[in-house]
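Below you'll find the structure, written out as structure tokens, and then a few comments.
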Amino acid sequence: MMASSYSAKDEDGHITVSGPGGAALRNKKPENTAFKQQRLPAWQPILTAGTVLPAFFIIGLIFIPIGIGLYVTSNNIKEFEIDYTGDDVSSPCYNCAENFSWNSTKFCTCTIPFQLDQPYESNVFMYYGLSNFYQNHRRYVKSRDDSQLNGNMESLKYPSKECEPYAHSDNKPIAPCGAIANSMFNDTLELVYNDPNGTNVSISLVSTGIAWWTDKHVKFRNPGGSNANLSAVFQGTAKPVNWRRPVYELDADPENNGFINEDFIVWMRTAALPTFRKLYRIIQKKNNMAPTLPRGNYTLKVVYSILKATDLNSVIWMGKSAVSRIRFKFFQVR
Amino acid sequence: MTDYFIPRSAELSLCFSEPLFLQDVNDRWSLQHPQLYCPGQKNQYFNKKAFASCVMHSCYSSLILFFIPWAAMRDTVRDDGKDIANYQSFALLTQTCLLIVVFTQLCLDTYYWSAVNHFFVWGSIAAYFAITFTMYSNGMFYIFTSTFPFVGTARNSLNQPNVWLTIFLSSLLCILPVVAFRFILIQLRPTINDKVRYKMRKEVLPAPAPRRLLRRRSTRSGYAFSHSQGYGELITSQNFLMKRPLKRASLFPQTDSPIFQNQPQHYLDHQQIKKLTDSMNGGLSLLLKRRVAILVT
């Protein structure tokens, strides 16, 4: 029926050609399927004027209201900043900044009066801020022991090598070890409202709820479990060199003592940039309609401590590492 | 960051899979437009100028990918007042911006979106987020404490709308100039590739009339038909061969050029050829049959 030179295709698509000896030679051509011949049904996006120009305009129309919204919202946020570095002779904290030395055991206190022109509603967040404090330096960031901070008893006695040279003191292991813990910020800030009728009202500052939930409940655990006697558990360890009190005396509240102290947790979450701020306290909003912080005169009492940035020179041979500014901020969100 | 290799592997899986399924101008068009081979010969797409423009584009993208997250994180807190400007969140944000930009750039460079491409692209993005959340989960932290210290970072930063806005913004800033540049180049200085693709699109868009043989419902076979009175002359006069291709079953559905009549075509498979030759069996002259036989070989 057909010409003899026609050769039928096999089921699998390969064309077999009869060779000279009658043996079938397998042709190496790939199968004629869409997959192997790269003929899969495909959509081709083409950049035409009809697609690109409307797309640009639509993106612009989407982002302009977003930008306006963000600008208006950020202008509505009330923020108040006090610089208590004490680098200026006229500053109240100048004495503290100048006279404080390493071996000083007495506290240095300074008070800064300020005035709020607008009342602050709802929850008010208090932050402390530092400039030129390189918490993002690589050796500094590595200088911690996460196993120890997670409550591992083995790591409590034998801190990791990353913590060197802040791993041992007086032949005892340091708990918590490392340069990050050693340089913990321990200024104490208190806020007092000077009532117009003369009384001074101390404003209550909440020190819990400032750290991430995952940090407080997963990453940082006290050794010995939740209800352990911390001073017994930390027996045989030393406090970090620059701390005044050991880690099990950070707070009277057992839920906020030891490694799960929230100020400690907040400090251990190293900042990305040299100028940063960290949440210090929250001023809860009042139940009645009164503003959380009414307008008027206030006093900020600072128990000054030197910032442990200069001892980073022993770990890293950086040039300028002195902290130049300590700020203190109010911040009201919504 | 010790875990930078996980997003890189997601990228690499995408990069390796993409070229496997790239389609290009098909063989018919390639033969019809041999100028398509000129850019390769002249090294138009891989020379110092192309490399320099690639470097410039990379520098621009790198600056955007660092400074946009930097500006977004500079003085920011979460909406409940807690920290987001920490080292780990910043790293995660920059990494996610980078991955999204790379994926979008790959999507731009993919000209043929088949099912396989879709699977690999969306699968890679999903795999990246799955791996990220797994690595930053509680379980991994408890098992390998010092290797996975980023516990909680993904959960606490990726639920903030300003993080997603930053990601979206940085990817737009990286991609829009590329799109604009390519669009302008296609309009003002189209390359041979662009021209051929344009022609292909124009050809495909008006749907071609189906060129199938409409089998006449006749109880008589073609053989008998040809032996009826009055058709003998028609058959032997070769007027049959002059009929327009539209009315006849065409072995070569896309005859644009006389070149193809001598080339082996694989557009019809065995069954279709059998059908056609059967239908021609009765009514064709010997001449036509022989011609069919030669061409099908």
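Below, each value reflects all heavy atoms present in this structure, side chains not excepted, and no hydrogens, waters or symmetry copies.
- In this structure, the separation between CZ on B:Phe168 and CD1 on A:Ile62 is 6.0 Å, given to the nearest 0.5 Å.
- For the residue pair A:Leu273 and B:Arg74, the shortest heavy atom distance occurs at CD1-CA, 3.8 Å.
- Heavy atoms of A:Val218 lying under 4.5 Å from chain B belong to its backbone as well as its side chain.
- Between A:Ile59 atom CD1 and B:Leu172 atom CG the span is 5.0 Å, to the nearest 0.5 Å.
- Judged by distance alone, the side chain of A:Tyr127 and the main-chain N or O of B:Gly81 form a donor-acceptor pair under 3.5 Å.
- Counting heavy-atom neighbours within 6.0 Å of A:Lys142 NZ, excluding the residue itself, gives a total of 12 or less.
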Step-by-step side chain to side chain contact (heavy atoms under 4.5 Å, CB included) determination, A:Phe63 to B:Leu169: CA-CA 9 Å; A:Phe63 272 83; B:Leu169 184 66; 3.7 Å; yes
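- Side-chain contact of A:Thr214 with B:Asn156: a donor-acceptor pair under 3.5 Å is present, judged by distance alone.
- Atom CZ of A:Phe56 sits in a crowded spot, with more than 12 heavy atoms from other residues, nucleotides or ligands closer than 6.0 Å.
- Within 6.0 Å of CZ on B:Phe181 lie no more than 12 heavy atoms contributed by other residues, nucleotides or ligands.
- Here the CZ-NZ distance, from B:Phe150 to A:Lys219, works out to 8.0 Å after rounding to the nearest 0.5 Å.
- One finds the CH2 atom of A:Trp212 at 10.0 Å from the CZ atom of B:Arg155 (value rounded to the nearest 0.5 Å).
- Both the backbone and the side chain of B:Leu176 come within contact range of chain A, judged by heavy atoms closer than 4.5 Å.
- Within the 4.5 Å cutoff, side-chain heavy atoms of A:Val52 are placed close to those of B:Val179.
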Audit row: B:Asp75, A:Arg277, side chain to side chain contact (heavy atoms under 4.5 Å, CB included) steps and yes/no: CA-CA 8 Å; B:Asp75 210 11; A:Arg277 62 167 130 163; 3.1 Å; yes
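- With a 4.5 Å cut-off on non-hydrogen atoms, A:Ile210 touches chain B through its backbone but not through its side chain.
- Distance check, rounded to the nearest 0.5 Å: CG of B:Leu165 to CG of A:Leu70 gives 6.0 Å.
- Looking only at distances, a side-chain donor or acceptor of B:Lys82 sits under 3.5 Å from a matching main-chain atom of A:Ala211.
- A:Leu53 places a side-chain heavy atom less than 4.5 Å from the side chain of B:Phe183.
- For A:Asn150, the part sitting under 4.5 Å from any heavy atom of chain B is the side chain, from C-beta outward, and nothing else.
- Atom CD of A:Gln148 and atom OG of B:Ser146 lie 13.0 Å apart (nearest 0.5 Å).
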